Amino acid sequence: MNARLNLFGDPQTAEIVKHLVAAGKVVTDSGLPAATQELVKIRASQINGCGFCLDMHVKEAAHAGETATRLHLVAAWREATVFTDAERAALELAEQGTRIADAAGGVPDEVWANAAKHYDERQLAGLVFLIGLINAFNRMNVIVQQPAGDYRPGQFA
């Protein structure tokens, strides 16, 4: 399986990807817990059907010590007892922000208020930008049919 477009082959395209990755590094330093960041990336990637990002973020999370149980239950987080209230709030915001076109009026106030109970303003900003960035990466990878399965933890570090 080959991607329709090599996102790193053309210097201009590679430059765009480089800037998106750089924005992601700023989010990493937002104070939002690293485990929460990976859970959010995984959930958005599940919703968007992005195999490449799922492969990457599941492997990165496992490499960082995330348990197999939690990784297997991200898609069913509402019924799972293994996530903290803060993680659940972040996952709900990620779902609502990813499925924004499905709800007239965007993200409900209750979802935002729940996240705001668990995260300070800097962390909330990090969460908002993280959701936006992972959705951008998901969409690019789905459009070009980026193959999944060969990612190695730290590959793009």
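Keep in mind the model is a prediction, meaning the values are calculated, not measured. By convention here, the first residue in the shown sequence is residue 1.
- Remark: Asp55 engages Lys59 in a salt bridge, criterion side-chain N to carboxylate O under 4.0 Å.
- Without hydrogens or angle criteria, Gln123 side chain to Gly31 main chain gives a donor-acceptor distance under 3.5 Å.
- In this structure, Asn48 CG and Asn141 CG are separated by 10.5 Å, a value rounded to the nearest 0.5 Å.
- Residues Phe8 and Thr13 fail the side-chain proximity criterion, which asks for heavy atoms closer than 4.5 Å.
- Under a 4.0 Å N-O distance rule, the pair Arg70/Glu87 qualifies as a salt bridge.
- Between Pro108 and Gln96, some side-chain heavy-atom pair lies under the 4.5 Å cut-off.
- Nearest heavy-atom pair, Ala89 versus Ala115, reported as atom, atom and distance to 0.1 Å: CB-CA, 3.9 Å.
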List the steps, then state whether side-chain contact (heavy atoms from CB on, under 4.5 Å) holds for Glu66 with Glu38. CA-CA 9 Å; Glu66 189 59 76; Glu38 290 300 333; over 6 Å; no

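- No donor-acceptor pair under 3.5 Å is formed between the side chain of Gln145 and the backbone N or O of Asn2.
- Of the inter-residue distances, the one linking Asn135 atom CG with Ile47 atom CD1 reads 8.0 Å to the nearest 0.5 angstrom.
- If you take CG on Asp29 and NZ on Lys25, they are separated by 10.0 Å, rounding to the nearest 0.5 Å.
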Begin with the C-alpha distance, continue with both residues' side-chain angles, and end with the deciding distance and a verdict on side-chain contact (heavy atoms from CB on, under 4.5 Å) for Asp85 and Lys117. CA-CA 10 Å; Asp85 288 342; Lys117 287 190 309 191; over 6 Å; no

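- To the nearest 0.5 angstrom, Gln37 atom CD is 5.0 Å from Thr28 atom OG1.
- Criterion: ILVMFWY side-chain heavy atoms under 4.5 Å apart, direct or through other members. Under it, Val21 and Leu54 are not part of a common hydrophobic cluster.
- A 4.5 Å side-chain heavy-atom check between Arg88 and Thr84 finds every atom pair outside the cut-off.
- For Tyr151, the ring-ring contact (aromatic ring centres under 6.0 Å, His included) test picks out Phe156, with sequence neighbours left out.
- Smallest separation of non-hydrogen atoms from Arg152 and Glu60: O-OE2, 4.3 Å.
- Both Val40 and Leu93 belong to a common hydrophobic cluster when Ile, Leu, Val, Met, Phe, Trp and Tyr are linked at side-chain heavy-atom distances under 4.5 angstrom.
- Under the 4.5 Å side-chain heavy-atom criterion for ILVMFWY residues, no single connected hydrophobic cluster contains both Leu130 and Leu71.
- Few gaps surround CZ on Arg139; more than 12 heavy atoms of other groups in view lie less than 6.0 Å from it.
- Side chain of Asn114 to main chain of Glu110: no donor-acceptor pair is present (N/O by atom type, distance under 3.5 Å, no hydrogens or angles).
- No side-chain heavy atom of Arg122 sits under 4.5 Å from any side-chain heavy atom of Leu32.
- With contacts defined as side-chain heavy-atom distances shorter than 4.5 Å, the pair Arg78/Leu91 does not qualify.
- Applying the 6.0 Å contact sphere to CD of Glu121 captures no more than 12 heavy atoms from other residues, nucleotides or ligands.
- Taking OG1 of Thr98 as the start and CD1 of Ile131 as the end, the distance is 6.5 Å to the nearest 0.5 Å.
- Contact of the Asp150 side chain with the Phe52 side chain is not registered, since no non-hydrogen atoms from C-beta on lie closer than 4.5 Å.
- With rounding to the nearest 0.5 Å, the separation of CG in Leu133 from CG in Asn138 is 10.5 Å.
- Between Phe137 and Val142, the closest side-chain pair of non-hydrogen atoms is not below 4.5 Å.
- Contact check for Phe129 versus Val26: no side-chain heavy atoms found under the 4.5 Å cut-off.
- Within a 6.0 Å sphere centred on CG of Asp109, other residues, nucleotides and ligands contribute 12 heavy atoms or fewer.
- Linking ILVMFWY residues whenever their side-chain heavy atoms come closer than 4.5 Å, directly or via other members, places Tyr119 and Val27 in the same cluster.
- Side chains of Glu95 and Trp77: a donor-acceptor N/O pair is present below 3.5 angstrom, by distance only.
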